[in-house]
Amino acid sequence: MSKRNPVYDFKWCPGCGDFGVKVAIEQALAKRSVERSEPIEKTAVVAGIGCSGNLVHMQEGPQPFGLHGIHGRALPIAYGLKSNRPDMNVIVVSGDGDFLSIGAEHIGPQARRNLDITAVVMDNGIYGLTKGQASPTTELEVVTSTTRYGKLDDKMHPLEVYLGLGVGYIVSEMSSRVKQLGEAIKEAMDYPGFSIVHVQSPCTTYNDTYALLKGDEKKGIEPLAKPISEDHDPSDFMAAMAIAKGRSVPIGLLYKRAGESVPAHERLAQAKERTKPRESSVQQLLASMTI
Ligand SMILES: Cc1ncc(C[n+]2csc(CCOP(=O)(O)OP(=O)(O)O)c2C)c(N)n1
Ligand code: SF4
Ligand SMILES: [Mg+2]
């Protein structure tokens with residue numbers, strides 16, 4: 001396909017942060033395509049369910065392959081795809097509910113496996129598609145349709161979670177910084193292993209955090225989003241954790257694990273070179289049977 005999906009009639013609300021993420025992904029893919037002389041069809045975008053996941057249908061211009069899966073299962077689908085087609089560039093697009101609530105159990109295994117994909121997580125601190133329920137990243141005490149007395153669970157801090165689960169490459173960005181976000185996604189795709197680009201992508205309908213993130217001088221609001229200091233060494237795990245635990249929303253490359261990153265499919269290829277597969281006990285039993 002060379003045009004966006006003509007039959008999927010979905011529209012983001014005016015001002016939705018996901019517009020910026022869409023353009024950033026288009027820019028990142030276009031740049032990758034030129035740099036590697038690689039057709040755009042060498043990329044597949046695997047989407048979860050949510051306004052964010054609908055990005056897979058909204059892309060304009062030359063189209064990557066798109067797979068729209070089930071809620072919370074974008075990572076296992078990406079795992080299946082990448083395992084069978086390691087030559088493909090695989091991106092996951094997901095929301096805070098999709099990735100960090102129903103789908104959270106998949107982050108750790110893929111991080112330890114070092115699956116060579118890039119997950120772009122659009123965090124709006126709410127379930128947007130289903131009309132405004134609390135998500136793991138909704139602030140404590142916020143009233144939503146599922147938290148009528150205010151949210152009672154503490155807010156999750158995704159960057160700390162990613163670090164703790166062993167993700168090797170972590171970027172924190174904002175949807176309104178389209179050019180920088182596009183560059184960050186492109187670099188994350190170049191990383192040979194599991195990378196996450198966590199994007200603050202405000203929901204203008206149910207949780208409009210633009211003023212909080214960017215600040216508002218007239219209202220005396222200090223911006224919550226602050227660029228990571230140029231002195232920061234992304235290979236310093238403890239420094240990355242200290243930034244992640246800070247009060248502000250860091251912007252930039254938070255963490256890149258030191259040393260060589262050997263992705264899952266290369267680990268398997270290397271293991272096959274090194275060792276012969278051992279027969280299972282069932283195979284041994286069958287071999288010993290005389291009929
Ligand atoms: C198994 C299952 N449970 C629940 C739903 C309903 N559902 C669809 S999207 C969604 C939440 C989406 O939130 P998020 O991932 O933050 O995406 P957003 O819409 O905010 O971008 C839920 C609960 C579903 N589709 N499937
Ligand atoms: S409901 Fe929120 S997340 Fe969904 S399209 Fe509208 S603004 Fe975007
Ligand atoms: Mg959301």
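Whatever order the structure lists ligands and atoms in, that order sets their numbers, starting from 1. It should be emphasised that the depicted structure is a prediction, and the values quoted were computed from it without experimental measurement.
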Engineer: Looking only at heavy atoms, is any part of Thr130 under 4.0 Å from ligand 1, and if so is it the side chain, the backbone, or both, or is it neither?
Structural biologist: side chain
Engineer: Please report the closest heavy-atom contact between Gly103 and Arg73, naming both atoms and the distance.
Structural biologist: CA-NH1, 4.2 Å
Engineer: So which heavy atom in the protein is nearest atom 14 (P) of ligand 1, and how far is it from that ligand atom?
Structural biologist: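 Protein heavy atom at minimum distance: Gly97 N, 3.5 Å.
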Engineer: Counting only heavy atoms, tell me which of Gln133, His71, Lys131 gets closest to atom 3 (N) of ligand 1.
Structural biologist: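 Ranked by closest heavy atom to atom 3 (N) of ligand 1, first place is His71.
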Engineer: Can you sort out which atoms of ligand 1 are near Asp96, meaning under 4.0 Å from one of its heavy atoms?
Structural biologist: 15 (O), 16 (O)
Engineer: At the Mg ion (ligand 3), what angle lies between atom OD1 of Asn124 and atom OD1 of Asp96, rounded to 10 degrees?
Structural biologist: 90°
Engineer: Give me the nearest non-hydrogen protein atom to atom 4 (Fe) of ligand 2 as residue plus atom name, then the distance to 0.1 Å.
Structural biologist: Cys51 SG, 2.4 Å
Engineer: Does the distance from a Lys or Arg side-chain N to an Asp or Glu carboxylate O, for Asp216 and Lys218, drop under 4.0 Å?
Structural biologist: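 Looking at Lys218 together with Asp216, the answer is no, because their closest N to O distance does not fall below 4.0 Å.
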Engineer: With a 4.5 Å cut-off on side-chain heavy atoms, are Glu173 and Ile185 touching?
Structural biologist: no
Engineer: Got a salt bridge between Glu141 and Lys155, using NZ or NE/NH1/NH2 to carboxylate O under 4.0 Å?
Structural biologist: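 Answer for the salt bridge query: no.
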Engineer: Between Asn124 and ligand 2, which part of the residue brings a heavy atom under 4.0 Å of the ligand: side chain, backbone, both or neither?
Structural biologist: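 Near ligand 2, Asn124 shows its side chain, while the N, CA, C and O stay back.
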Engineer: Quick one: SG on Cys13 to CZ on Phe19, what's the gap to the nearest 0.5 Å?
Structural biologist: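 Interatomic distance, Cys13 SG to Phe19 CZ, rounded to 0.5 Å: 8.0 Å.
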Engineer: What is the nearest protein non-hydrogen atom to atom 20 (O) of ligand 1, stated with its residue, atom name and distance?
Structural biologist: Gly128 N, 2.8 Å
Engineer: Hey, which atoms in ligand 2 end up nearer than 4.0 Å to a heavy atom of Tyr206?
Structural biologist: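 Counting from 1, the qualifying ligand atoms are 1 (S).
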Engineer: Specify the protein heavy atom at minimum distance from atom 17 (O) of ligand 1: its residue, its atom name, and the distance to 0.1 Å.
Structural biologist: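 Of every protein heavy atom, Ser52 OG, 3.5 Å lies nearest to atom 17 (O) of ligand 1.
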Engineer: Check this for me: Glu273, atom CD, are more than 12 non-hydrogen atoms of other residues, nucleotides or ligands nearer than 6.0 Å?
Structural biologist: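 12 or below, so no.
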Engineer: Output yes when a side-chain donor or acceptor of Ser175 lies under 3.5 Å from a complementary backbone atom of Val21, and no otherwise.
Structural biologist: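 No, because the side chain of Ser175 does not come within donor-acceptor range (under 3.5 Å) of the backbone of Val21.
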Engineer: Looking at Asp190 and Lys31, is there a salt bridge between them, counting it only when a charged N and a carboxylate O are closer than 4.0 Å?
Structural biologist: no
Engineer: Looking at Tyr127, which atoms of ligand 1 are within less than 4.0 Å of one of its heavy atoms?
Structural biologist: 11 (C), 13 (O), 20 (O), 23 (C)
Engineer: Hey, is Thr204 one of the residues with a heavy atom under 4.0 angstrom from ligand 2?
Structural biologist: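 Checking ligand 2 against Thr204, which is what was asked, there is a heavy-atom contact under 4.0 Å.
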Engineer: Are Val249 and Tyr210 connected in a single hydrophobic cluster, I mean Ile/Leu/Val/Met/Phe/Trp/Tyr linked by side-chain heavy atoms less than 4.5 Å apart?
Structural biologist: no
Engineer: So, taking the atom named CD1 in Ile117 and the one named CG in Leu81, what distance separates them when rounded to the nearest 0.5 Å?
Structural biologist: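 If we round to the nearest 0.5 Å, Ile117:CD1 and Leu81:CG are 9.5 Å apart.
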Engineer: Where on Ile126 is there a heavy atom closer than 4.0 Å to ligand 1, on the side chain, on the backbone, on both, or on neither?
Structural biologist: backbone
Engineer: For a distance under 2.8 Å, tell me if Ile126 has an N/O/S atom near the Mg ion (ligand 3).
Structural biologist: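 It does; at least one qualifying atom falls short of 2.8 Å.
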Engineer: Answer yes or no as to whether an N/O/S atom of Cys16 is found below 2.8 Å from atom 6 (Fe) of ligand 2.
Structural biologist: no
Engineer: Starting from atom 1 (C) of ligand 1, find the nearest protein heavy-atom neighbour and note its residue, name and distance.
Structural biologist: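 For atom 1 (C) of ligand 1, the nearest protein heavy atom comes out as Ile102 CD1, 3.8 Å.
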Engineer: Would you mind listing which atoms of ligand 2 come within a distance below 4.0 Å of any non-hydrogen atom of Cys13?
Structural biologist: 1 (S), 5 (S), 6 (Fe), 7 (S)
Engineer: Heavy-atom contacts with Leu129 under 4.0 Å: which atoms of ligand 1 show up? List them by number with element.
Structural biologist: 9 (S), 19 (O)
Engineer: For Asp98, counting its heavy atoms only, list the atoms of ligand 1 lying under 4.0 Å from any of them.
Structural biologist: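 Counting from 1, the qualifying ligand atoms are 14 (P), 15 (O).
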Engineer: Are any of the side-chain nitrogens in Lys245 or Glu160 under 4.0 Å away from the carboxylate oxygens of its partner?
Structural biologist: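 Yes.
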Engineer: Would you call Lys22 and Asp18 a salt bridge, taking side-chain N to carboxylate O under 4.0 Å as the test?
Structural biologist: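 A salt bridge is absent here (no side-chain N lies under 4.0 Å from a carboxylate O).
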Engineer: Quick check on the 6.0 Å ring-centre criterion: do His57 and Phe10 meet it?
Structural biologist: no
Engineer: For ligand 1, which atoms, with element, lie under 4.0 Å from some heavy atom of Cys51?
Structural biologist: 18 (P), 19 (O), 21 (O)
Engineer: If the cut-off is 4.0 Å to any non-hydrogen atom of Cys203, which atoms of ligand 2 fall inside it?
Structural biologist: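 Listed by number with element, the hits are 1 (S), 2 (Fe), 3 (S), 7 (S).
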